[in-house]
S.K.: 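Okay, handing you the structure first.
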Amino acid sequence: MHSSESFPPIQSNNVSNEYRGRFAPSPSGALHFGSLVAAVGGYLQAKTQQGKWLLRIDDIDPPRQDPEAIDLIQRSLEAHHLFWDESIIFQSQQSQVYDDVIEWLQQQGLSYYCQCTRKQIHAEGGVYLGHCRELNLGSHDHSMRFRNDAESFEFTDALLGHISFPKNIAGEDFIIKRKDGLYAYHLASVVDDIQFGITEVVRGADLLYPSACQLALFEALHAKPPNMLHLPVAVFSPGRKLSKQGHAQPLRDKLASENLYLALAFLGLPVPATIMHDTPENILRWGAENWRVGSLYAKPEREMASFLSQFNCDHFSY
Ligand code: GLU
Ligand code: ZN
(Lines give C-alpha, C1' and ligand atoms only; values in the text may rest on other atoms or scores of the structure.)
(Ligands and ions follow the chains in the order given, each with its own letter.)
Protein backbone atom coordinates (compact mmCIF):
# COMPACT_ATOMS: atom_id res chain seq x y z
CA MET A 1 0.00 0.00 0.00
CA HIS A 2 1.29 3.41 -0.88
CA SER A 3 0.18 6.96 -0.30
CA SER A 4 -1.53 7.47 -3.66
CA GLU A 5 -3.96 4.75 -2.66
CA SER A 6 -6.98 7.00 -2.73
CA PHE A 7 -6.36 8.14 -6.30
CA PRO A 8 -7.78 6.01 -9.05
CA PRO A 9 -5.21 4.08 -11.07
CA ILE A 10 -5.70 5.92 -14.36
CA GLN A 11 -3.01 8.02 -15.94
CA SER A 12 -4.30 10.69 -18.32
CA ASN A 13 -2.10 11.04 -21.37
CA ASN A 14 -3.31 14.53 -22.22
CA VAL A 15 -0.27 16.40 -21.08
CA SER A 16 -0.58 19.52 -23.17
CA ASN A 17 -4.23 20.36 -22.53
CA GLU A 18 -5.01 20.13 -26.21
CA TYR A 19 -8.49 19.46 -27.58
CA ARG A 20 -8.95 15.72 -27.83
CA GLY A 21 -12.07 14.13 -29.22
CA ARG A 22 -12.87 10.59 -30.21
CA PHE A 23 -15.11 8.51 -32.41
CA ALA A 24 -16.03 5.25 -30.73
CA PRO A 25 -17.93 2.80 -32.93
CA SER A 26 -18.83 -0.66 -31.73
CA PRO A 27 -17.68 -3.22 -34.29
CA SER A 28 -21.05 -4.89 -34.62
CA GLY A 29 -21.14 -4.12 -38.32
CA ALA A 30 -20.17 -1.63 -41.00
CA LEU A 31 -20.77 2.09 -40.51
CA HIS A 32 -24.12 3.44 -41.67
CA PHE A 33 -25.28 6.97 -42.37
CA GLY A 34 -26.03 7.65 -38.69
CA SER A 35 -22.49 6.68 -37.70
CA LEU A 36 -21.09 8.88 -40.45
CA VAL A 37 -22.97 11.89 -39.07
CA ALA A 38 -21.34 11.36 -35.66
CA ALA A 39 -17.93 10.83 -37.23
CA VAL A 40 -18.12 13.94 -39.41
CA GLY A 41 -19.44 16.09 -36.55
CA GLY A 42 -16.72 14.94 -34.17
CA TYR A 43 -14.02 15.25 -36.80
CA LEU A 44 -14.93 18.83 -37.73
CA GLN A 45 -15.41 19.90 -34.14
CA ALA A 46 -11.86 18.64 -33.40
CA LYS A 47 -10.18 19.90 -36.54
CA THR A 48 -11.64 23.40 -36.33
CA GLN A 49 -10.03 23.67 -32.90
CA GLN A 50 -6.67 22.33 -34.05
CA GLY A 51 -7.48 19.33 -31.92
CA LYS A 52 -6.91 15.62 -32.18
CA TRP A 53 -9.58 13.22 -33.29
CA LEU A 54 -9.02 9.68 -32.06
CA LEU A 55 -10.55 6.41 -33.14
CA ARG A 56 -11.60 4.02 -30.41
CA ILE A 57 -12.98 0.62 -31.26
CA ASP A 58 -15.45 -0.50 -28.59
CA ASP A 59 -14.72 -4.20 -28.94
CA ILE A 60 -15.59 -5.42 -25.46
CA ASP A 61 -18.64 -7.44 -26.38
CA PRO A 62 -17.42 -10.32 -28.58
CA PRO A 63 -20.82 -12.05 -28.87
CA ARG A 64 -22.20 -8.98 -30.62
CA GLN A 65 -19.24 -8.34 -32.87
CA ASP A 66 -18.75 -9.00 -36.51
CA PRO A 67 -15.15 -10.09 -37.12
CA GLU A 68 -15.02 -8.08 -40.34
CA ALA A 69 -16.39 -4.89 -38.87
CA ILE A 70 -13.15 -3.39 -37.57
CA ASP A 71 -11.62 -3.51 -41.01
CA LEU A 72 -14.75 -2.23 -42.70
CA ILE A 73 -15.00 0.69 -40.30
CA GLN A 74 -11.40 1.74 -40.89
CA ARG A 75 -11.74 1.46 -44.66
CA SER A 76 -14.96 3.40 -44.64
CA LEU A 77 -13.48 6.24 -42.59
CA GLU A 78 -10.49 6.39 -44.92
CA ALA A 79 -12.70 6.44 -48.00
CA HIS A 80 -14.50 9.42 -46.48
CA HIS A 81 -11.21 11.12 -45.79
CA LEU A 82 -11.86 10.99 -42.05
CA PHE A 83 -8.33 10.30 -40.91
CA TRP A 84 -7.88 9.81 -37.22
CA ASP A 85 -4.89 10.83 -35.14
CA GLU A 86 -2.62 8.53 -33.15
CA SER A 87 -2.98 4.79 -33.06
CA ILE A 88 -6.37 3.17 -32.73
CA ILE A 89 -7.53 2.48 -29.19
CA PHE A 90 -8.97 -1.00 -28.82
CA GLN A 91 -11.04 -1.51 -25.72
CA SER A 92 -10.19 -5.22 -25.89
CA GLN A 93 -6.63 -4.21 -24.98
CA GLN A 94 -7.66 -2.16 -21.97
CA SER A 95 -8.59 -5.00 -19.60
CA GLN A 96 -5.74 -4.31 -17.22
CA VAL A 97 -6.83 -0.72 -16.64
CA TYR A 98 -10.47 -1.72 -16.28
CA ASP A 99 -9.52 -4.36 -13.72
CA ASP A 100 -7.37 -1.92 -11.78
CA VAL A 101 -10.16 0.63 -11.70
CA ILE A 102 -12.69 -1.98 -10.65
CA GLU A 103 -10.42 -3.09 -7.86
CA TRP A 104 -9.95 0.50 -6.75
CA LEU A 105 -13.70 1.12 -6.77
CA GLN A 106 -14.12 -1.97 -4.63
CA GLN A 107 -11.51 -0.78 -2.16
CA GLN A 108 -13.28 2.57 -1.93
CA GLY A 109 -16.62 0.91 -1.27
CA LEU A 110 -17.90 2.32 -4.53
CA SER A 111 -19.04 -0.97 -6.00
CA TYR A 112 -20.85 -4.09 -4.94
CA TYR A 113 -21.98 -7.42 -6.32
CA CYS A 114 -25.53 -7.93 -7.38
CA GLN A 115 -27.50 -11.13 -7.87
CA CYS A 116 -30.62 -9.64 -9.40
CA THR A 117 -31.74 -10.90 -12.74
CA ARG A 118 -32.89 -8.72 -15.59
CA LYS A 119 -36.34 -10.20 -15.12
CA GLN A 120 -36.51 -9.19 -11.46
CA ILE A 121 -35.43 -5.64 -12.26
CA HIS A 122 -37.94 -5.45 -15.07
CA ALA A 123 -40.67 -6.54 -12.67
CA GLU A 124 -39.70 -3.73 -10.31
CA GLY A 125 -40.24 -1.18 -13.07
CA GLY A 126 -37.02 -1.49 -15.07
CA VAL A 127 -34.81 0.72 -12.91
CA TYR A 128 -32.48 -0.99 -10.46
CA LEU A 129 -33.40 0.11 -6.92
CA GLY A 130 -30.26 -0.98 -5.11
CA HIS A 131 -31.59 -4.28 -3.84
CA CYS A 132 -28.12 -5.78 -3.21
CA ARG A 133 -26.39 -2.62 -1.95
CA GLU A 134 -25.95 -3.82 1.61
CA LEU A 135 -25.91 -7.58 1.07
CA ASN A 136 -22.14 -7.92 0.80
CA LEU A 137 -22.40 -10.60 -1.81
CA GLY A 138 -19.33 -12.34 -3.19
CA SER A 139 -18.27 -12.38 -6.80
CA HIS A 140 -19.51 -15.83 -7.70
CA ASP A 141 -21.86 -15.62 -10.66
CA HIS A 142 -22.80 -12.04 -9.83
CA SER A 143 -22.58 -8.79 -11.71
CA MET A 144 -20.85 -5.78 -10.22
CA ARG A 145 -22.54 -2.43 -9.83
CA PHE A 146 -21.34 1.10 -9.24
CA ARG A 147 -22.58 2.54 -5.96
CA ASN A 148 -24.02 5.73 -7.36
CA ASP A 149 -24.42 8.36 -4.69
CA ALA A 150 -24.46 11.36 -7.00
CA GLU A 151 -27.27 13.84 -6.44
CA SER A 152 -27.62 15.62 -9.74
CA PHE A 153 -27.54 14.37 -13.28
CA GLU A 154 -27.32 17.45 -15.39
CA PHE A 155 -24.93 19.09 -17.77
CA THR A 156 -24.83 21.74 -20.44
CA ASP A 157 -24.66 20.29 -23.89
CA ALA A 158 -22.82 22.44 -26.42
CA LEU A 159 -25.68 22.06 -28.89
CA LEU A 160 -28.80 21.06 -26.95
CA GLY A 161 -28.29 23.27 -23.92
CA HIS A 162 -29.29 22.31 -20.42
CA ILE A 163 -29.86 18.57 -20.00
CA SER A 164 -31.18 17.11 -16.80
CA PHE A 165 -32.41 13.67 -15.78
CA PRO A 166 -34.17 12.87 -12.52
CA LYS A 167 -32.20 11.02 -9.88
CA ASN A 168 -34.60 8.10 -9.81
CA ILE A 169 -33.73 7.41 -13.45
CA ALA A 170 -30.12 8.45 -14.03
CA GLY A 171 -29.02 7.75 -10.45
CA GLU A 172 -29.26 4.00 -10.89
CA ASP A 173 -26.43 1.84 -9.57
CA PHE A 174 -25.43 0.73 -13.04
CA ILE A 175 -23.48 -2.40 -13.91
CA ILE A 176 -19.74 -2.00 -14.39
CA LYS A 177 -18.86 -5.64 -14.89
CA ARG A 178 -21.30 -8.16 -16.17
CA LYS A 179 -22.07 -11.53 -14.72
CA ASP A 180 -20.40 -13.17 -17.73
CA GLY A 181 -17.20 -11.28 -16.92
CA LEU A 182 -17.46 -8.69 -19.69
CA TYR A 183 -16.84 -5.04 -18.85
CA ALA A 184 -19.82 -2.77 -19.19
CA TYR A 185 -19.92 0.12 -21.63
CA HIS A 186 -20.18 2.90 -19.00
CA LEU A 187 -17.09 1.73 -17.19
CA ALA A 188 -14.98 1.16 -20.28
CA SER A 189 -16.00 4.39 -21.94
CA VAL A 190 -15.41 6.59 -18.89
CA VAL A 191 -12.06 5.00 -18.06
CA ASP A 192 -10.89 5.43 -21.64
CA ASP A 193 -12.12 9.00 -21.86
CA ILE A 194 -10.06 9.76 -18.75
CA GLN A 195 -6.99 7.84 -19.80
CA PHE A 196 -6.90 9.24 -23.31
CA GLY A 197 -7.49 12.75 -22.08
CA ILE A 198 -10.71 13.32 -24.01
CA THR A 199 -11.75 16.94 -23.55
CA GLU A 200 -15.00 16.78 -25.49
CA VAL A 201 -17.30 13.90 -26.25
CA VAL A 202 -19.16 14.35 -29.53
CA ARG A 203 -21.70 11.62 -30.18
CA GLY A 204 -25.30 11.01 -31.10
CA ALA A 205 -28.11 12.25 -28.90
CA ASP A 206 -29.21 8.65 -28.36
CA LEU A 207 -26.43 8.72 -25.77
CA LEU A 208 -27.74 11.72 -23.79
CA TYR A 209 -28.98 9.49 -21.02
CA PRO A 210 -25.75 7.45 -20.80
CA SER A 211 -23.88 10.77 -20.63
CA ALA A 212 -25.90 11.80 -17.59
CA CYS A 213 -25.21 8.42 -15.95
CA GLN A 214 -21.51 8.57 -16.73
CA LEU A 215 -21.04 11.92 -14.99
CA ALA A 216 -21.28 10.22 -11.62
CA LEU A 217 -18.51 7.80 -12.55
CA PHE A 218 -16.21 10.60 -13.71
CA GLU A 219 -16.77 12.24 -10.35
CA ALA A 220 -16.11 9.05 -8.39
CA LEU A 221 -12.88 8.67 -10.38
CA HIS A 222 -11.81 12.22 -9.49
CA ALA A 223 -11.93 13.30 -13.11
CA LYS A 224 -13.41 16.38 -14.70
CA PRO A 225 -15.97 15.14 -17.20
CA PRO A 226 -15.38 16.11 -20.83
CA ASN A 227 -17.54 18.75 -22.47
CA MET A 228 -20.51 17.23 -24.22
CA LEU A 229 -21.90 17.74 -27.70
CA HIS A 230 -24.77 15.51 -28.76
CA LEU A 231 -25.59 15.51 -32.44
CA PRO A 232 -28.98 14.81 -34.01
CA VAL A 233 -29.58 11.11 -34.48
CA ALA A 234 -30.85 9.78 -37.79
CA VAL A 235 -34.13 7.94 -37.25
CA PHE A 236 -36.46 5.96 -39.52
CA SER A 237 -39.39 7.25 -37.47
CA PRO A 238 -39.57 8.82 -33.99
CA GLY A 239 -37.53 6.76 -31.54
CA ARG A 240 -36.35 4.26 -34.20
CA LYS A 241 -32.77 5.12 -34.91
CA LEU A 242 -30.77 3.83 -37.82
CA SER A 243 -28.62 1.11 -36.35
CA LYS A 244 -26.68 -1.93 -37.36
CA GLN A 245 -29.13 -4.09 -35.42
CA GLY A 246 -32.00 -2.22 -37.07
CA HIS A 247 -30.59 -3.19 -40.46
CA ALA A 248 -29.52 0.25 -41.59
CA GLN A 249 -27.72 -0.03 -44.93
CA PRO A 250 -23.93 -0.03 -44.70
CA LEU A 251 -22.35 3.13 -46.09
CA ARG A 252 -21.32 2.78 -49.69
CA ASP A 253 -17.74 3.94 -49.73
CA LYS A 254 -17.86 4.55 -53.46
CA LEU A 255 -20.35 7.33 -52.79
CA ALA A 256 -18.14 8.99 -50.18
CA SER A 257 -18.67 12.49 -51.59
CA GLU A 258 -22.44 12.21 -51.67
CA ASN A 259 -22.47 10.64 -48.20
CA LEU A 260 -20.37 13.47 -46.78
CA TYR A 261 -22.47 16.09 -48.48
CA LEU A 262 -25.61 14.59 -46.99
CA ALA A 263 -24.04 14.23 -43.55
CA LEU A 264 -23.19 17.94 -43.51
CA ALA A 265 -26.69 18.84 -44.65
CA PHE A 266 -28.15 16.49 -42.05
CA LEU A 267 -26.15 18.27 -39.36
CA GLY A 268 -27.78 21.50 -40.47
CA LEU A 269 -24.99 23.19 -42.40
CA PRO A 270 -26.04 25.17 -45.50
CA VAL A 271 -23.94 23.06 -47.82
CA PRO A 272 -24.22 24.22 -51.46
CA ALA A 273 -25.43 21.59 -53.94
CA THR A 274 -22.56 22.51 -56.24
CA ILE A 275 -20.04 20.68 -54.05
CA MET A 276 -21.95 17.39 -53.85
CA HIS A 277 -19.66 15.71 -56.36
CA ASP A 278 -16.45 17.35 -55.31
CA THR A 279 -13.76 15.25 -53.62
CA PRO A 280 -14.29 14.11 -50.02
CA GLU A 281 -11.31 16.23 -49.06
CA ASN A 282 -12.85 19.39 -50.50
CA ILE A 283 -16.25 18.72 -49.01
CA LEU A 284 -14.68 18.31 -45.59
CA ARG A 285 -12.68 21.48 -46.18
CA TRP A 286 -15.93 23.31 -46.89
CA GLY A 287 -17.32 21.76 -43.70
CA ALA A 288 -14.40 22.99 -41.63
CA GLU A 289 -14.63 26.50 -43.06
CA ASN A 290 -18.34 26.68 -42.36
CA TRP A 291 -18.52 24.77 -39.11
CA ARG A 292 -20.54 26.60 -36.45
CA VAL A 293 -22.02 24.63 -33.59
CA GLY A 294 -24.65 27.36 -33.31
CA SER A 295 -26.03 26.61 -36.75
CA LEU A 296 -26.38 22.86 -36.33
CA TYR A 297 -29.76 21.14 -36.21
CA ALA A 298 -30.43 21.36 -32.49
CA LYS A 299 -32.82 18.49 -31.87
CA PRO A 300 -32.05 14.99 -30.63
CA GLU A 301 -33.61 13.28 -33.63
CA ARG A 302 -34.04 13.92 -37.32
CA GLU A 303 -36.19 11.75 -39.56
CA MET A 304 -34.47 10.43 -42.63
CA ALA A 305 -37.44 10.38 -44.99
CA SER A 306 -38.34 14.02 -44.51
CA PHE A 307 -34.69 15.03 -44.52
CA LEU A 308 -33.99 13.20 -47.79
CA SER A 309 -37.13 14.51 -49.48
CA GLN A 310 -35.28 17.82 -49.96
CA PHE A 311 -32.78 16.11 -52.23
CA ASN A 312 -32.89 14.31 -55.45
CA CYS A 313 -30.76 11.35 -54.48
CA ASP A 314 -32.28 8.03 -55.46
CA HIS A 315 -28.92 6.33 -55.28
CA PHE A 316 -28.88 6.84 -51.54
CA SER A 317 -30.40 4.17 -49.35
CA TYR A 318 -30.32 4.14 -45.58
N1 GLU B 1 -19.56 2.39 -28.88
C2 GLU B 1 -20.77 2.98 -28.40
C3 GLU B 1 -21.73 3.20 -29.54
O4 GLU B 1 -21.37 3.03 -30.65
C5 GLU B 1 -20.53 4.25 -27.61
C6 GLU B 1 -20.01 5.41 -28.30
C7 GLU B 1 -19.59 6.59 -27.46
O8 GLU B 1 -19.43 6.51 -26.24
O9 GLU B 1 -19.38 7.61 -28.09
O10 GLU B 1 -22.88 3.50 -29.34
ZN1 ZN C 1 -29.13 -6.75 -7.00
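Side-chain atoms are counted along with the backbone in the values below, which use heavy atoms only and exclude waters and symmetry mates.
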S.K.: Do Leu308 and Leu262 come within less than 4.5 Å of each other through their side chains, counting heavy atoms only?
M.R.: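 Heavy-atom side-chain distance check passes, below 4.5 Å.
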
S.K.: Measure the shortest side-chain to side-chain distance between Gln115 and Leu135 over non-hydrogen atoms and say whether it is less than 4.5 angstrom.
M.R.: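 Yes - at least one pair of side-chain heavy atoms lies under 4.5 Å apart.
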
S.K.: Closer than 3.5 angstrom, by distance alone: can the side chain of Asp100 be matched with the main-chain N or O of Ile10 as a donor-acceptor pair?
M.R.: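 No, Asp100 side chain to Ile10 backbone: no donor-acceptor pair under 3.5 Å.
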
S.K.: Would you please say whether a donor-acceptor pair under 3.5 Å links the side chains of Tyr261 and Asp278?
M.R.: no

S.K.: Let me have the donor-acceptor pairs involving side chains of residues 213-229, under 3.5 Å, with sequence neighbours excluded, atom names and distances please.
M.R.:
unit_1 : atom_1 : unit_2 : atom_2 : d
Gln214 : OE1    : Arg203 : NH2    : 3.2
Gln214 : NE2    : Tyr185 : OH     : 3.3
Gln214 : NE2    : His186 : ND1    : 3.1

S.K.: Grouping I, L, V, M, F, W and Y whenever their side-chain heavy atoms are under 4.5 Å apart, do Ile194 and Leu207 come out in a common cluster?
M.R.: no

S.K.: Where do Leu264 and Val40 come nearest, in terms of heavy atoms and distance?
M.R.: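 For Leu264 versus Val40, the nearest heavy atoms are CD2-CG1, 3.7 Å.
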
S.K.: Just checking Gln310: does its CD atom have more than 12 heavy atoms from other residues, nucleotides or ligands closer to it than 6.0 angstrom?
M.R.: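 Result for CD/Gln310: enclosed.
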
S.K.: Please check if the number of heavy atoms outside Glu124 that lie under 6.0 Å from its CD is greater than 12.
M.R.: yes

S.K.: Provide the closest heavy-atom pair for Thr117 versus Gln120 in the form atom of the first, atom of the second, distance.
M.R.: N-OE1, 2.8 Å

S.K.: Would Phe33 and Leu31 show up in the same hydrophobic cluster when neighbours are defined by side-chain heavy atoms closer than 4.5 Å?
M.R.: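 Looking at the clustering, Leu31 is in the same group as Phe33.
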
S.K.: Please assess Trp84 against Glu78 for the test side chain to side chain contact (heavy atoms under 4.5 Å, CB included), listing each intermediate value before the final yes or no.
M.R.: CA-CA 9 Å; Trp84 57 92; Glu78 285 163 354; 3.6 Å; yes

S.K.: Could you identify which residues cluster with Val233, counting Ile, Leu, Val, Met, Phe, Trp and Tyr as linked when any side-chain heavy atoms lie under 4.5 Å apart, either directly or through a chain of such contacts?
M.R.: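 Joined to Val233, directly or through intermediates: Val235.
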
S.K.: Tyr183 versus Ile102: any side-chain heavy-atom pair under 4.5 Å?
M.R.: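 Answer yes - side chains close enough.
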
S.K.: For the CG atom of Leu137 and the NE2 atom of His131, what is their distance to the nearest 0.5 Å?
M.R.: 9.5 Å

S.K.: Could you pull out all residues at least two apart from Asp59 that satisfy salt bridge (Lys or Arg N to Asp or Glu O under 4.0 Å)?
M.R.: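 Asp59 satisfies salt bridge (Lys or Arg N to Asp or Glu O under 4.0 Å) with no residue once adjacent residues are dropped.
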
S.K.: From Ile89 CD1 over to Leu55 CG, what is the distance, rounded to the nearest 0.5 angstrom?
M.R.: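 Here the rounded value is 8.0 Å.
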
S.K.: Distance from Ile275 atom CD1 to His277 atom NE2, nearest 0.5 Å?
M.R.: 11.0 Å

S.K.: I need the Ser12 OG to Asp193 CG distance, nearest 0.5 Å.
M.R.: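 Result: 10.5 Å between the selected atoms.
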
S.K.: For the atom pair CZ (Phe90) and OG (Ser95), what is the distance rounded to the nearest 0.5 Å?
M.R.: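 The CZ atom of Phe90 sits 13.5 Å away from the OG atom of Ser95.
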
S.K.: If you apply the rule side chain to side chain contact (heavy atoms under 4.5 Å, CB included), what do you find for Leu187 with Phe146, and how did you get there?
M.R.: CA-CA 9 Å; Leu187 177 94; Phe146 170 57; over 6 Å; no

S.K.: Is there side-chain contact between Pro27 and Leu72, with at least one heavy-atom pair below 4.5 Å?
M.R.: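 Side chain of Pro27 against side chain of Leu72, heavy atoms only: no contact under 4.5 Å found.
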
S.K.: What verdict does the side chain to side chain contact (heavy atoms under 4.5 Å, CB included) test give for Val202 and Trp53, after you've listed the backbone C-alpha separation in whole Å, the side-chain angles of each residue and the deciding distance to 0.1 Å?
M.R.: CA-CA 10 Å; Val202 180; Trp53 185 66; over 6 Å; no

S.K.: Under 4.0 Å between a side-chain nitrogen and a carboxylate oxygen: does that hold for Glu289 and Arg285?
M.R.: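 No, this pair does not count.
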
S.K.: Could you tell me which non-hydrogen atom of Pro63 sits nearest to which non-hydrogen atom of Leu182, and how far apart they are?
M.R.: CD-CD1, 4.2 Å

S.K.: To check you understand the geometry: which heavy-atom pair defines the closest contact between Met304 and Leu242, and what is its length?
M.R.: CG-CD1, 3.7 Å

S.K.: Please determine whether residues Phe311 and Phe236 belong to a single hydrophobic cluster, defined as Ile, Leu, Val, Met, Phe, Trp and Tyr linked transitively by side-chain heavy-atom distances below 4.5 Å.
M.R.: yes

S.K.: State whether the number of non-hydrogen atoms from other residues, nucleotides or ligands found under 6.0 Å of Asn136 atom CG is greater than 12.
M.R.: no

S.K.: Give the cluster check for Val201 versus Leu44: same hydrophobic cluster or not, with ILVMFWY residues linked at side-chain heavy-atom distances below 4.5 Å.
M.R.: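 Yes; Leu44 is reachable from Val201 via cluster members.
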
S.K.: Using atom types as modelled and distance alone, determine if a side-chain donor or acceptor of Ser237 lies under 3.5 Å from a backbone N or O of Arg240.
M.R.: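 Not a single qualifying donor-acceptor pair exists.
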
S.K.: Looking at every non-hydrogen atom in both residues, tell me the closest pair between Phe153 and Ala170 and how far apart they are.
M.R.: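 Here Phe153 and Ala170 meet closest at CE2-O, 3.5 Å.
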
S.K.: Is the shortest side-chain N to carboxylate O distance from Arg75 to Asp253 below 4.0 Å?
M.R.: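 Looking at Asp253 together with Arg75, the answer is no, because their closest N to O distance does not fall below 4.0 Å.
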
S.K.: Take the angle between the ring planes of Tyr209 and Phe165 and call it parallel below 30°, perpendicular above 60°, tilted in between.
M.R.: perpendicular

S.K.: Distance-only, no hydrogens or angles: does the Gln108 side chain make a donor-acceptor pair with backbone N or O of Leu105 under 3.5 Å?
M.R.: no

S.K.: Would you check if the side chain of Ser76 reaches a backbone N or O of Ile73 as a donor-acceptor pair within less than 3.5 Å?
M.R.: no

S.K.: Any chance NE2 of His122 has more than 12 other-residue heavy atoms, nucleotides or ligands included, within less than 6.0 Å?
M.R.: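 No.
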
S.K.: Are side-chain heavy atoms of Gln45 and Tyr43 found at a separation under 4.5 Å?
M.R.: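 SC-SC contact between Gln45 and Tyr43 ruled out.
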
S.K.: Within the structure provided, determine whether Asp99 and Lys177 are in side-chain contact (heavy-atom separation under 4.5 Å).
M.R.: yes

S.K.: Report yes if the side chains of Lys179 and His142 come closer than 4.5 Å at any heavy-atom pair, otherwise no.
M.R.: no

S.K.: Mark yes or no: Arg302 above the aromatic ring of Tyr297, with NZ or CZ under 6.0 Å from the six-membered ring centre and no more than 45 degrees from the axis.
M.R.: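 Yes, a cation-pi geometry.
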
S.K.: Any luck finding a side-chain donor-acceptor pair between Asp61 and Gln65 under 3.5 Å?
M.R.: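 The criterion, which ignores hydrogens and geometry beyond distance, is not satisfied for Gln65 and Asp61.
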
S.K.: Does Leu82 form a side chain to side chain contact (heavy atoms under 4.5 Å, CB included) with Leu36? I'd like the steps, not just the answer.
M.R.: CA-CA 10 Å; Leu82 293 163; Leu36 180 69; 3.8 Å; yes

S.K.: Under 3.5 Å, is there a donor-acceptor pair linking the side chains of Asp141 and Tyr113?
M.R.: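 Tyr113 and Asp141 do not have a side-chain donor-acceptor pair below 3.5 Å.
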
S.K.: Closer than 4.0 angstrom, basic N to acidic O: yes or no for Arg22 and Asp58?
M.R.: no

S.K.: Out of curiosity, Ile163 CD1 to His230 NE2, how far, rounded to the nearest 0.5 Å?
M.R.: 8.0 Å

S.K.: Is a salt bridge present between Arg147 and Glu134, judged by a nitrogen-to-oxygen distance below 4.0 Å?
M.R.: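 Looking at Glu134 together with Arg147, the answer is yes, because their closest N to O distance falls below 4.0 Å.
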
S.K.: Of Lys167, Arg133, Arg145, which is the lone residue that meets salt bridge (Lys or Arg N to Asp or Glu O under 4.0 Å) with Asp173?
M.R.: Arg133

S.K.: Would you indicate whether the side-chain heavy atoms of Ser257 and Met276 approach each other to under 4.5 Å?
M.R.: no

S.K.: Do Phe266 and Leu77 belong to the same hydrophobic cluster, where Ile, Leu, Val, Met, Phe, Trp and Tyr are linked whenever their side-chain heavy atoms lie under 4.5 Å apart, directly or via other members?
M.R.: yes

S.K.: Mark yes or no: Arg56 above the aromatic ring of Phe196, with NZ or CZ under 6.0 Å from the six-membered ring centre and no more than 45 degrees from the axis.
M.R.: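 No, Arg56 and Phe196 do not form such a contact.
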
S.K.: Please find the pair of heavy atoms, one from Glu200 and one from Ala158, that lie closest to each other, and give the distance.
M.R.: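 Taking Glu200 first and Ala158 second, the nearest heavy atoms are OE2-CB, 4.3 Å.
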
S.K.: Does this structure show an ion pair linking Arg20 with Asp85, if we count only N-O contacts that are shorter than 4.0 Å?
M.R.: no

